[in-house]
> 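I'd like to ask you about the structure that follows.
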Number of protein chains: 2
Amino acid sequence: MATIKDVAKLAGVSPSTVSRVIAGSNRISLETKNRVQRAMEQLNYVPNAIARSLARSHTHTIGFALSRRADQAFSNPFFSEVMRGMSTVAQARGYNILLSISLNPEDELSKCLQLVRERRVDGLILSTSRVKDPLIAALSEEEAPFVVIGRCMERPVLSVNNDNVKAGYNATVHLLEEGYREIAYLSGASDLVVTIDRMNGYKQALIERGLPLVEERIGVADFSEQDGYEALCQMKERGVSFDAVVASDDLLALGALQFAERYGLRVPEDLGVVGFNDTPLMVYTHPPLTSVRILSYELGVEAMDLLIDALENPDKKRLKKEIVLPSELIVRGSSRRRGKAE
Amino acid sequence: MATIKDVAKLAGVSPSTVSRVIAGSNRISLETKNRVQRAMEQLNYVPNAIARSLARSHTHTIGFALSRRADQAFSNPFFSEVMRGMSTVAQARGYNILLSISLNPEDELSKCLQLVRERRVDGLILSTSRVKDPLIAALSEEEAPFVVIGRCMERPVLSVNNDNVKAGYNATVHLLEEGYREIAYLSGASDLVVTIDRMNGYKQALIERGLPLVEERIGVADFSEQDGYEALCQMKERGVSFDAVVASDDLLALGALQFAERYGLRVPEDLGVVGFNDTPLMVYTHPPLTSVRILSYELGVEAMDLLIDALENPDKKRLKKEIVLPSELIVRGSSRRRGKAE
DNA sequence: CTGTTAGCGCTTTCAC
DNA sequence: GTGAAAGCGCTAACAG
């Protein structure tokens with residue numbers, strides 16, 4: 001493999017000159033520039049990224065941290081879409097993505113810290129945020145550049161989020177307008193900021209319409225169909241009544257559909273269901289699932305752009321920008337009963 | 001950020017000594033070893049991965065190349081599962097994963113070559129293989145270490161594959177045993193090795209059972225429901241009869257279900273359907289989809305292990321091992337009509 | 001505009 | 001067992 005010295009020798013210049021044409025410096029004569037370029041081609045020269053990184057003390061790579069339980073890792077394409085978005089801008093701006101999949105928050109914390117301390121990445125994108133997230137705290141303390149997809153409640157950080165409160169609100173209002181009155185909320189892990197925000201939107205809608213806020217109608221589950229199903233069963237067994245459910249994830253909504261089947265409830269007549277994420281395959285459930293469409297791809301795009309901007313403009317770094325993206329309620333059969341049997 | 005020199009100074013030794021304790025050399029006195037370790041802790045020292053990489057001329061990072069059209073990128077969790085598998089062993093063996101998502105094969109080729117030439121990765125894992133794959137050819141020529149998930153038809157390469165021929169065979173035999181006689185095959189892009197292998201299994205089953213091989217019953221589509229649907233419609237419109245379909249991907253099978261609905265065909269009575277990948281959510285289709293379960297996670301595990309083995313034992317590198325993993329047909333409602341209305 | 005000279009932070013002979 | 005010195009391949013002042 002040819003090095004910069006080989007090129008220099010062949011072109012009859014010094015390595016620094018070669019370095020300059022690589023960097024696209026303008027204080028270089030067109031003639032030598034061409035000569036160097038010819039030499040590079042001739043030798044099939046490609047600059048060694050590692051050496052560059054060491055000399056410039058940045059790697060041009062961004063770490064993406066994903067922490068999921070094995071069984072639910074990528075059940076919905078949310079993260080995959082986010083990655084696609086990140087990848088698009090990373091490529092366009094000359095960055096690489098290092099993937100860090102961990103099994104739990106502790107594992108995630110240590111891995112991310114490792115990546116940063118080893119200087120293997122210039123910055124990190126976090127895929128989820130929790131209340132009092134230790135990872136965010138650690139990264140802040142370390143003064144590592146990072147952006148969170150989601151929102152941080154405790155301190156200002158760079159973040160890209162979707163309007164979860166509003167989305168939860170809209171989903172609930174939609175159900176109310178369809179005539180449902182006893183709406184349950186199926187929450188994911190209770191320390192996830194997304195889940196909390198969506199729930200607040202839900203509560204807000206109920207309060208605004210003068211409906212009672214029944215705490216027993218709020219079920220906590222993991223992000224899996226099974227958990228959603230069980231949470232609803234328990235609710236029912238405890239004698240809590242409900243005629244609709246806002247699920248903070250499509251998988252949970254699937255659990256609700258399963259629940260309806262088990263108890264012989266018709267959807268949407270006896271039970272209205274709305275989910276979150278608008279997972280493509282949900283069109284095929286019976287009935288098709290109403291769901292809040294999240295701009296996952298765009299979330300990835302914005303997160304990567306935000307991080308790289310911060311990295312490349314150290315002056316702006318201190319400004320902790322928070323970007324919020326809109327979502328859209330996609331109404332389908334699982335929640336549409338106006339004009340149908342009441 | 002502390003460097004090796006700082007540690008050396010604090011411990012009162014030379015940098016090389018520190019380097020030795022990092023490497024876990026045994027020719028070092030326990031005493032100085034402890035002293036150095038204390039210094040490292042005190043300074044919160046973490047070796048700079050980039051500097052290490054440069055000095056040792058390998059990066060301990062593996063590139064994972066994924067080339068998908070935007071809309072179908074991660075429609076099924078196959079790749080996500082593969083990543084989880086790769087990630088698990090990468091972590092265990094001290095490697096990192098660099099993600100390279102590209103939009104088309106050409107893009108993929110240039111990106112992969114770039115990663116290798118820049119020495120940003122020690123090796124690559126390719127997510128798909130095509131007939132006469134230019135990427136495989138280029139990488140071979142470059143003598144870059146890589147393993148393909150799939151199979152290479154032209155030359156010996158390190159690969160991890162599932163038994164697609166057998167799986168295609170089993171899926172078809174199953175349909176035959178359920179009494180279907182005019183079985184169609186829905187192929188993905190015709191240059192994908194997976195698709196070809198599965199088709200060969202399909203053909204083999206028909207031939208073995210003495211059934212005619214009707215070329216018109218083989219439809220080529222992209223890996224999307226819409227394409228699957230259209231391919232089948234065209235087949236029908238051309239007057240080709242069929243009472244079952246083996247789809248080389250679940251998404252295609254979904255298209256078949258859609259097709260059945262459009263033409264008022266009952267599944268499984270009038271049309272048997274079996275897909276590939278056993279995508280989790282397919283349990284929720286009506287009827288639930290029969291599908292071939294692929295060990296995607298294990299594919300990732302094996303691929304990563306194979307690559308790292310090759311990297312760490314340069315002697316064994318020349319041995320082009322091919323690993324084949326078993327698959328399993330999961331029979332559900334979409335293909336089970338024995339004992340049902342004929 | 002171009003060359004010389006130091007590094008970037010770590011590893012690795014080669015001596016002692 | 002430990003240190004000195006050279007080098008991995010590139011960049012970036014500093015001169016000229």
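Here is how names work: the chains are called A, B, and so on, in the same order as the sequence lines, proteins then strands, and each is numbered from 1.
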> What closest approach, in Å, do A:Ala8 and A:Pro15 show between heavy atoms, and which atom pair accounts for it?
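For A:Ala8 versus A:Pro15, the nearest heavy atoms are CB-N, 3.6 Å.
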> So do A:Ile22 and A:Val18 actually touch side chain to side chain, heavy atoms under 4.5 Å?
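Yes, close enough: below the 4.5 Å cut-off.
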> How sharply is the helix from C:dC1-D:dG16 to C:dC16-D:dG1 bent, taking the axes over five pairs at either end and rounding to 10 degrees?
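End axes: 40° apart.
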> A:Ile294 pairs by side-chain contact (heavy atoms from CB on, under 4.5 Å) with which of A:Leu299, A:Val194, A:Val82?
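With A:Ile294 as partner, A:Leu299, A:Val194, A:Val82 yield a single side-chain contact (heavy atoms from CB on, under 4.5 Å), made by A:Leu299.
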> Provide the closest heavy-atom pair for B:Leu325 versus B:Val160 in the form atom of the first, atom of the second, distance.
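B:Leu325 and B:Val160 have their closest heavy atoms at CD2-CG1, 4.3 Å.
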> For chain B and DNA chain D, what are the first and last nucleotides along the strand, 5' to 3', with at least one atom under 4.0 angstrom from a heavy atom of the protein chain?
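Result: D:dG1 to D:dG9.
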> Indicate the atoms forming the closest heavy-atom contact of B:Asn48 with A:Arg119, along with that distance.
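Nearest heavy atoms, B:Asn48 then A:Arg119: ND2-CG, 3.8 Å.
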> In plain terms, say whether A:Arg84 and A:Glu81 are close enough for a salt bridge, that is, a side-chain N and a carboxylate O under 4.0 Å apart.
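Looking at A:Arg84 and A:Glu81, the cut-off is met.
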> Under 4.0 Å between a Lys/Arg side-chain N and an Asp/Glu carboxylate O for B:Glu118 and A:Arg52?
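Salt bridge between B:Glu118 and A:Arg52, a charged N being under 4.0 Å from a carboxylate O: no.
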> Compare all side-chain heavy atoms of B:Ser127 with those of B:Ser67 and state whether any distance is below 4.5 angstrom.
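Side-chain contact under 4.5 Å: no.
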> Calculate the interatomic distance between A:Arg120 atom CZ and C:dG9 atom C1'; express it in whole Å.
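Distance check: A:Arg120 CZ to C:dG9 C1' gives 14 Å.
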> Check the pair A:Thr17 / A:Ser14 against side chain to side chain donor-acceptor pair (under 3.5 Å), numbers first and verdict last.
CA-CA 5 Å; A:Thr17 303; A:Ser14 78; 3.3 Å; yes
> Name every residue in residues 91-98 of chain A that has at least one heavy atom under 4.0 Å from any atom of DNA chain D, in order of residue number, or write none if there are no such residues.
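Residues of residues 91-98 of chain A under 4.0 Å from DNA chain D: none.
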> Only distances under 3.5 Å count here; give the side-chain donor-acceptor pairs of residues 93-101 of chain A to other protein atoms, sequence neighbours excluded, each with its distance to 0.1 Å.
unit_1	atom_1	unit_2	atom_2	d
A:Arg93	NH1	A:Asp305	OD1	2.7
A:Arg93	NH1	A:Asp309	OD1	3.0
A:Arg93	NH2	A:Asp309	OD1	2.9
A:Arg93	NH2	A:Glu312	OE1	3.4
A:Tyr95	OH	A:Glu312	OE2	2.9
A:Asn96	OD1	B:Arg120	NE	3.1

> Should A:Val148 and A:Leu158 count as side-chain neighbours, where that means a heavy-atom distance under 4.5 Å?
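Side chain of A:Val148 against side chain of A:Leu158, heavy atoms only: no contact under 4.5 Å found.
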> Can you list the steps and then say if B:Thr32 with B:Ser29 is a side chain to side chain donor-acceptor pair (under 3.5 Å)?
CA-CA 6 Å; B:Thr32 52; B:Ser29 79; 2.9 Å; yes
> Counting only non-hydrogen atoms, which of residues 13-27 of chain A are less than 4.0 Å from DNA chain D?
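By residue number: A:Ser16, A:Ser19, A:Arg20.
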> Is it the case that the side chains of A:Tyr45 and A:Thr3 hold a donor-acceptor pair, with the cut-off being a distance below 3.5 Å and no angle test?
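Absent: no donor and acceptor within the cut-off.
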> Please give me every residue in residues 43-57 of chain A whose heavy atoms get under 4.0 Å of an atom in DNA chain C, ordered by residue number.
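Close to the strand are A:Leu54, A:Ala55.
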> Taking C-beta and beyond as the side chain, do B:Leu311 and B:Ile62 meet within less than 4.5 Å on heavy atoms?
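The answer is yes; the side chains approach within 4.5 Å.
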> Looking only at heavy atoms, what is the nearest atom pair of B:Arg151 and B:Val193, with distance?
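For B:Arg151 and B:Val193, the tightest heavy-atom pair comes out as O-CG2, 3.6 Å.
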> Can you measure A:Leu30 atom CG to C:dT2 atom P for me and round it to whole angstrom units?
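So the two atoms are 10 Å apart, to the nearest Å.
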